[in-house]
Structures are given as C-alpha cells and as structure tokens.
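Heads up: the structure comes next, in structure tokens.
A, B, ... follow the sequence lines: proteins, then strands. Residue 1 opens every chain. These numbers come from the heavy atoms of this one structure, side chains and all, not from hydrogens, waters or symmetry mates. Bear in mind that the values here come from a model prediction, so they are computed numbers and not experimental data.
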Amino acid sequence: MSLLEQEVPGVVMTPDHIRSKKLPWPVDLGIAVVALAVSAAVVYGLGIGNWVLVVVLGVAFYLAGMFAAASRVEGRRSARNRLWKTLIYGACLLAILPLASVVWTLVSKGAARLDGDFFGSSMNNIGARDANGGAYHAIVGTLQQVGIATLMAVPLGVLGAIYLVEYGRGKFALTVRFFVDVMTGIPSIVAGLFILAFWVLIVSPWFNNGTPRFSGFAASLALTVLMLPTIVRSTEEMLRLVPGPLREGAYALGVPQWKTILKVVLPTALPGIVTGIMLAVARAAGETAPVLLVAGGAAAINFDPFSGNQSSLALFVYQQAGDASRYAPDRAWTAALTLVALVLVLTIAAKLLARRNRLS
Amino acid sequence: MGDYPSRSASTRAGGSSVTARHARSAGSGVSPIPPDDLDGSRPPLGGGGALPRKARFSMEAGFRGLTTAAGAMVLVIIVAIAVFLVSKAVPALQANTENFLTYKAWFPNDAEPKFGIAALAFGTVLTSVLALIVAVPIALGIALFLSHYAPRRLANPLGFVIDLLAAVPSVVFGLWGRDVFREPVQDLSVWLNKYFSWLPIFGGDGPFGRSIMLGSLVLAIMVLPIVTSLSREVFQQTPLMNEEAALALGATKWEMIRTAVVPYGKPGVIAAVMLGLGRALGETIALALTLGIVFNISFNLIQSGGNSIAANIANTFGEANATGRGALIASGLVLFAITLVVNMAARAIIYRRREFRDSAA
C-alpha cells in the first residue's frame with residue numbers, strides 16, 4: 001500500500017492543501033496603511049519633514065512590518081522572498097520617477113519654441129533681449145558632421161569587422177578585437193582632445209597659412225573615432241551569425257573568398273549591419289564635448305564643413321544653457337527636444353529593423 | 001553597448017568556430033587559389049596544370065590586405081591618441097611651476113602657469129563612485145525585475161524603453177539636472193544639513209544646490225539604463241536547467257535567484273558595472289552643467305562645489321591659451337589613462353568567461 005493511498009481522515013491530498021500558509025493580501029494592505037499612518041504621525045508630530053519623508057519612512061515601516069508578519073505566518077525563508085520581491089518592484093518604481101520626469105520636462109518645456117522660426121533661422125545677430133532666433137545653423141552642422149563621420153566610419157568599421165570574422169587569426173586579431181572593445185569606452189572628450197591635438201593644432205595650419213582653425217570636419221573626425229568601435233562590434237556580431245553552409249556553398253561553386261564575402265556574406269547580414277550603424281549614428285549625433293573642442297560653435301549658418309566654426313544641436317543646447325538671456329532656456333529645451341527626437345527616431349528605426357532581421 | 005541587435009543567438013547558428021573551420025577547409029580545398037597561400041609557393045590544388053597560375057596581385061590578396069589595414073586602424077588610432085596627447089601635454093607640463101599631480105588649482109593661462117590634477121581627479125572619481133553606489137543596486141533590481149519577475153508582455157516594452165533611455169544624449173540629462181532636479185536636491189540638502197550636520201559629509205553652512213550630490217545623482221540616472229540593459233542580458237542567459245534545479249530543490253524565488261541567477265551572471269554584472277564606471281568617469285557635459293566648479297578636495301556632498309576632469313575641460317577650454325590647452329590635454333591624458341585601465345579590467349573579466357564574450361558588449 002503506497003503512501004498516497006493511506007487516507008488520513010480529514011486530510012485531502014490535493015495541491016491546494018499541500019501549499020503552505022500564505023499571508024492574506026488584506027493583511028498586507030493593512031500593514032501598508034498602518035505603516036503610512038505611523039510614519040505620518042511621527043513626521044508631522046515631530047515636525048521633521050514633509051510628505052517625502054512620510055513616504056520614505058512609511059516604506060521602511062511597511063517592509064519591517066511585512067517581514068515580521070510574513071515570518072510568523074509563512075516562515076522566515078518565504079518572508080525573505082517576499083521582502084526581496086517588494087524591494088525589486090520598489091527599485092523599478094524608484095527609477096521610473098526621474099526618468100519620467102526627464103521625458104515630461106523635455107516635452108512640456110520643449111514645446112515652448114516649437115515654431116517655424118526656430119527651425120528656419122540661426123542665432124546670427126540675436127541679442128540677449130531678442131526672443132526669436134533658432135537652431136537652423138546647429139541642425140545643418142549636426143547633419144553635416146554626422147554625415148561625414150558616417151561616410152568615414154562605416155567603410156572602415158565594416159572592413160575591420162570583416163577582417164576580424166573572415167581573415168583574422170592568431171594573436172594580432174585577438175589584439176585588434178580586444179582594443180576595439182577597449183576603444184568603445186574612450187570618453188568622448190578624450191576623442192575631442194585627440195582631434196584637437198592632431199588635426200586642429202598640427203594638420204589644419206598647413207591648409208590655413210599657419211594658424212590653427214576649427215572646422216566641422218574636425219568634429220566629424222572625432223565622431224568617427226567614437227563611432228568606429230561601435231560599428232566594428234555590431235557588424236562583427238552580425239557577420240558571425242551568417243551560417244557557415246552559405247559560405248561553403250559559394251566556395252563549392254569556385255567563388256573566391258573575397259567575392260563570397262562581398263556577394264554572399266555581406267548581403268545576408270545587411271539588415272543587422274544597418275541596425276548597428278544607425279545606433280552608432282544616433283549616439284554620435286548626441287555628442288557635445290568633441291564638437292565643443294574642435295568645431296568651436298558658431299552663431300551663423302556655415303554650410304562649409306571644411307572651413308570655419310560650426311555648431312551642432314548638442315552644442316547649441318549646451319551654449320544656450322550657459323547663456324544669460326531669459327529667452328535662452330526655452331531655446332535650449334526646444335533644441336534638446338529636437339535632438340532627442342532625432343536620436344530616438346534613429347534608435348527606434350534601428351530596433352524595428354533589427355526585429356525584422358531573419359538572422360537573429 | 002546594450003544596443004547591439006540580438007546577440008544571444010550567436011552561440012547557436014554558425015558560431016565563430018564553425019564558420020572559421022569551414023571557411024578555411026573549403027577555401028583551400030576547392031578554390032584554385034588557396035586563400036592561405038599568399039606567396040604562391042605551393043602548386044595550385046585540384047587538378048594538374050589546367051588551373052590558372054596565381055597572379056602576382058590577386059583581388060583576394062588585395063581585399064585581404066584592405067580589411068587587415070582597416071582592422072589595424074583601430075590600433076593605430078589608440079596609439080595615435082596616446083602619442084598626440086603626450087606630445088601636446090609635455091610642453092605645458094614643463095612650463096608648469098607647481099607639481100601637476102598634487103597641486104589643487106588651475107591657473108595655466110597665467111604668466112607663471114600653475115595647475116594640478118589633484119582636485120579634478122578626486123572629483124572625477126568621487127562623483128563616479130557615488131553615482132555607481134546609487135545606480136547599481138537599483139539597476140540590478142530593475143534587471144532582475146525585467147528578466148525574472150515582470151510578465152513577458154510588460155518586460156519587453158519596458159526593456160525597449162530602457163534601451164531608448166540609454167540613447168538619450170547626456171546634455172539633455174545635464175540640462176534637466178540643472179533646471180529641474182536641482183530644487184528637490186537642494187531641499188534634500190537643506191534637510192540633511194539640518195538634522196545630520198554632525199556628519200562631515202553633510203556639514204557646512206551652504207549654499208547648497210550645485211553640489212557633488214546633484215552631480216552624482218544625475219550621473220547615476222544616466223548610468224542606470226546602461227547597467228540595467230547589460231545586466232538584464234546576462235541574467236536572461238542563465239540556463240533554465242539551473243533555475244529549475246534550484247526550484248525543484250524547494251528554493252523560493254529569491255533563493256533561486258541568489259543561488260542560480262546571481263552566481264551565473266556575476267562576471268557579466270561586474271563587467272557591466274565597470275563599463276558604467278567608464279561611462280561615468282568620462283561624462284562631460286552633464287557634470288559641467290550640474291557641478292559647482294570649485295577646486296578643492298572635500299568629502300562634503302551637499303555644499304556647492306565639486307569639479308571633474310572632463311567638466312573642467314569643457315568649462316575652461318574657451319579661454320585657454322597655448323599652455324592652457326596643453327594643460328587641459330594633460331588632464332585629458334590622465335582621464336584617458338584612468339578609463340583605459342577601467343575598461344581593460346572590464347574586458348579582461350568578460351574575456352575570462354567565454355559565455356559573456358558576445359553578450360556584454
């Protein structure tokens with residue numbers, strides 16, 4: 001006779017009965033209410049703070065009370081489980097607050113100057129008392145700098161990734177791979193200083209009668225340094241996803257390796273590569289520090305990235321934020337909203353493209 | 001980081017080892033020109049003299065050289081960064097009349113240049129470490145929530161939003177920190193000062209506001225999405241078998257996470273934290289907008305003050321002369337060295353555990 005068939009009178013062996021005791025949710029809620037009430041009484045009774053402190057103390061009291069009650073009813077291990085679950089949910093709520101505040105401020109304050117004038121005019125001849133003025137020059141600068149940087153970084157990055165996946169063997173390839181990863185973490189200001197020391201102070205005097213000169217192209221160079229490792233990494237991952245039999249099929253037909261890579265491997269991985277490139281472009285578009293150091297910023301429209309100061313949207317935000325005019329904060333927030341919109345459109349498009357990618 | 005399109009799959013279909021092996025053997029066995037036969041010393045494979053001789057310059061060798069050059073470019077850039085920064089920093093350092101490593105102020109534009117990195121480096125490290133202390137527990141909580149607690153229907157869009165937040169430019173966070181977040185932090189500082197002024201970190205008589213605390217909290221909010229996104233990836237990779245084994249032994253959900261998920265994800269989490277630290281150390285604009293820009297070494301968190309290497313570069317670059325620029329480049333070199341060490345340590349940790357090599361980018 002097995003254990004299960006031994007019917008003990010009054011005990012039914014179903015999963016519901018095997019379950020251990022649980023703290024009923026009304027008790028849980030009750031503890032929360034009591035904790036808040038106690039903390040409100042303490043805080044306002046002693047006069048030591050406002051509602052924020054009430055909430056903070058209330059949460060602490062609730063955690064302590066809940067832990068004590070659950071320990072009695074459910075046992076210590078289960079109580080600890082409950083405590084950590086509450087803490088993890090709490091962390092999520094806590095993080096959402098500031099991030100939601102950022103988004104809300106961005107939209108509400110950014111809407112102030114969202115008019116045609118902002119997108120159609122520059123800051124040229126705009127004094128501290130002028131309410132108008134816009135970011136046209138900055139938008140032009142951002143598009144040109146990021147465009148040129150993309151043109152330089154994409155071929156270099158994709159070829160580098162091809163080397164790492166298809167050709168690279170041995171110590172040299174490992175070193176390159178390691179330093180690509182390390183390069184991902186180079187601060188943008190260091191990239192800016194590098195281009196300042198290399199291009200602006202040493203190379204640009206050759207073209208400019210011996211005086212160093214800021215230019216949008218220098219900013220593109222700095223952005224290239226920042227984009228390159230991101231593009232190499234993402235392209236490399238995509239190339240590794242291309243199935244081996246595809247390559248073998250091409251080799252079996254007598255296609256040389258370089259042609260296989262260009263005609264078979266790259267087209268297969270293309271959607272993923274484009275996704276990575278768009279994410280890198282989005283990150284580069286938001287960089288302020290390199291543009292500040294090597295493009296200098298300008299108030300007027302400059303369509304020539306190879307000579308003269310240029311601005312960019314991110315730099316425009318920074319400069320307007322530091323401006324004493326009472327109209328400057330509005331311009332800064334609207335430019336920030338434009339910049340975030342640009343970056344988010346790129347990022348969302350990249351993510352949607354990644355979702356349609358058949359390889360991943 | 002964190003934005004690379006799906007990488008957990010790379011361990012399956014056509015992983016590196018498979019591809020490499022097949023590409024090599026198929027290439028040298030079938031192609032008339034063996035791809036690994038660069039100098040043409042070997043006779044052509046696969047069928048007597050009917051096949052064409054190896055050309056002196058083949059497309060294969062050319063393309064291979066091109067890609068190798070592109071790969072080597074990365075090393076060239078890293079070395080060039082070091083070389084050019086050093087070459088511009090040395091003249092300024094020679095003109096410096098104080099000790100660069102211990103002097104605590106920044107007057108490089110004077111006739112007798114005086115500048116030192118001590119206060120700046122201290123501020124950089126202090127703000128970054130404080131930011132991580134605040135951000136990492138919360139980020140790990142969110143990562144666990146997304147990977148193990150939230151229902152899938154909620155976790156996917158929420159993870160998407162976190163990834164989007166990681167892409168928001170830092171200047172936006174800086175602007176928000178200065179215009180919006182400053183007031184609550186100021187209130188908190190006044191409150192802390194009122195009741196906890198016996199603690200040196202909360203002492204002082206004001207003014208409060210643009211303080212180390214504001215800077216590091218803004219930094220924490222910026223680092224949060226990055227650390228969350230990376231550790232979520234790592235937690236999601238925990239083998240289901242390990243989790244189920246823990247549950248089958250009667251573990252509660254938290255015990256399962258503590259015994260199966262956390263130990264498995266530990267190297268990845270450490271790497272994520274280090275990468276977050278690297279990001280925080282190099283952050284420029286957000287700190288330039290939120291710190292009080294005072295050159296001193298003080299652990300007081302709430303009084304207006306604080307400075308960092310990157311913020312100092314952004315703030316003083318506009319009025320720097322040749323020596324001043326050299327001094328800023330020298331400080332950038334220090335920052336470069338610090339971040340390089342942090343990043344290399346993070347990478348070394350990732351590389352030790354192969355599973356995370358393709359995940360925690």
Side-chain angles (χ1 to χ4, degrees), chain A residues 77-78 81 84 88 91-92 94-95 98-99 102 105 156 159-160 162-163 167 176 179-182 185 187 189-190 193-194 197-198 225 233-234 237 240-244 247-248 251-252 256-258 272 275 279 282 286 288-289 292-293 314 317-318 321 332 336 339-340 343-344 347 354 360, chain B residues 3-7 9-10 13-14 16 18-19 22-23 26-27 30-31 35 59-60 63-64 67-68 70-71 73-75 78 81 84-85 88 138 141-142 144-145 164-165 167-169 171-172 175-176 180 221 224 252-254 278 282 284-285 310 313-314 329 332 336 339 343-344 347 361:
Chain A
R77 287 173 53 209
S78 177
N81 183 34
W84 279 103
I88 284 173
C92 216
L94 190 68
L99 295 174
V102 172
T105 327
L156 210 55
L159 283 176
I162 289 176
Y163 167 73
Y167 293 110
V176 170
F179 277 100
V180 167
D181 282 351
V182 169
I189 193 124
V190 171
L193 285 175
F194 163 55
F198 162 62
V225 172
R233 283 284 306 175
S234 59
E237 266 158 29
R240 282 195 198 285
L241 289 183
V242 176
R247 296 186 177 89
E248 286 160 28
Y251 296 144
Q257 197 176 3
W258 65 274
T275 301
L279 289 174
T288 317
L292 173 74
L293 291 187
V317 174
Y318 178 63
L339 180 61
V340 170
V343 169
L344 286 197
T347 314
S360 52
Chain B
D3 339 294
Y4 295 119
S6 168
R7 45 200 96 95
S10 57
S16 59
V18 177
T19 318
H22 286 282
V30 178
S31 149
M59 280 301 281
E60 182 60 49
F63 187 68
R64 193 192 176 106
T67 59
T68 313
M73 200 57 198
V74 172
L75 297 182
I78 293 256
I81 290 177
F84 280 101
L85 290 190
K88 283 288 163 189
I138 298 177
I142 303 173
L144 282 176
F145 177 77
L164 287 188
L165 285 168
V168 171
V171 67
V172 175
L175 195 60
W176 175 80
V180 179
I221 292 168
L224 192 74
T252 60
K253 189 155 195 169
W254 168 247
T284 311
I285 297 299
I313 295 174
I329 288 174
F336 179 57
T339 49
N343 273 298
M344 282 165 89
R347 295 302 166 186

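- When atom types are taken as modelled, the side chain of A:Gln257 and the backbone of B:Glu60 share no donor-acceptor pair closer than 3.5 angstrom.
- Contact tally against chain B (heavy-atom pairs below 4.5 Å) for A:Leu339, A:Leu99, A:Thr347: the top residue is A:Leu99.
- Residue B:Ile329 touches chain A through both its backbone and its side chain, counting heavy-atom pairs closer than 4.5 Å.
- Heavy-atom distances place the side chain of B:Lys88, and not its backbone, under 4.5 Å from chain A.
- Counting only heavy atoms from C-beta outward, the side chains of A:Leu193 and B:Leu85 approach each other to under 4.5 Å.
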Show your working on side chain to side chain contact (heavy atoms under 4.5 Å, CB included) between A:Val343 and B:Val168 and close with a plain yes or no. CA-CA 7 Å; A:Val343 169; B:Val168 171; over 6 Å; no

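- For B:Ile138, the parts sitting under 4.5 Å from any heavy atom of chain A are the backbone and the side chain alike.
- Nearest heavy-atom pair, A:Leu159 versus B:Ala70, reported as atom, atom and distance to 0.1 Å: CB-CB, 3.5 Å.
- Heavy atoms of B:Thr284 lying under 4.5 Å from chain A belong exclusively to its side chain.
- Taking the side chain as every heavy atom from C-beta outward, B:Ile313 and A:Leu292 never approach each other to under 4.5 Å.
- Counting non-hydrogen atoms of neighbouring residues, nucleotides and ligands closer than 6.0 angstrom, the CH2 atom of A:Trp84 reaches no more than 12 such neighbours.
- Contacts of B:Leu224 with chain A are made by side-chain atoms alone, with heavy-atom separations under 4.5 Å and no backbone atom involved.
- Listed here is the closest heavy atom pair of A:Pro187 and B:Gly282: CB-CA, 3.5 Å.
- Among A:Ala282, A:Gly286, A:Ala321, the residue with the largest count of heavy-atom pairs under 4.5 Å with chain B is A:Ala321.
- Ranked by heavy-atom pairs under 4.5 Å with chain A, the list B:Val172, B:Ile81, B:Leu144 is led by B:Ile81.
- Counting all heavy atoms, side chain and backbone alike, A:Ala336 lies closest to B:Leu175 at CB-CD2, 4.2 Å.
- Residue A:Val180 touches chain B through both its backbone and its side chain, counting heavy-atom pairs closer than 4.5 Å.
- For B:Met73, the part lying near chain A is the side chain, with the backbone staying farther off; criterion is any non-hydrogen pair under 4.5 Å.
- Between chain A and the options B:Trp176, B:Phe84, B:Phe336, the largest number of non-hydrogen pairs under 4.5 Å is found for B:Trp176.
- Here A:Cys92 is the residue among A:Cys92, A:Ala95, A:Ala314 with the most heavy-atom pairs under 4.5 Å with chain B.
- At a 4.5 Å heavy-atom cutoff, the contact between A:Leu156 and chain B is made by backbone and side-chain atoms alike.
- Heavy atoms only, all atoms of each residue included: A:Leu344 and B:Leu164 are closest at CD2-O, 4.0 Å.
- Counting heavy-atom pairs closer than 4.5 Å to chain B, the top residue among A:Val102, A:Val340, A:Leu94, A:Val225 is A:Val102.
- Looking at B:Thr68, both its backbone and its side chain come within 4.5 Å of chain A, counting heavy atoms on both sides.
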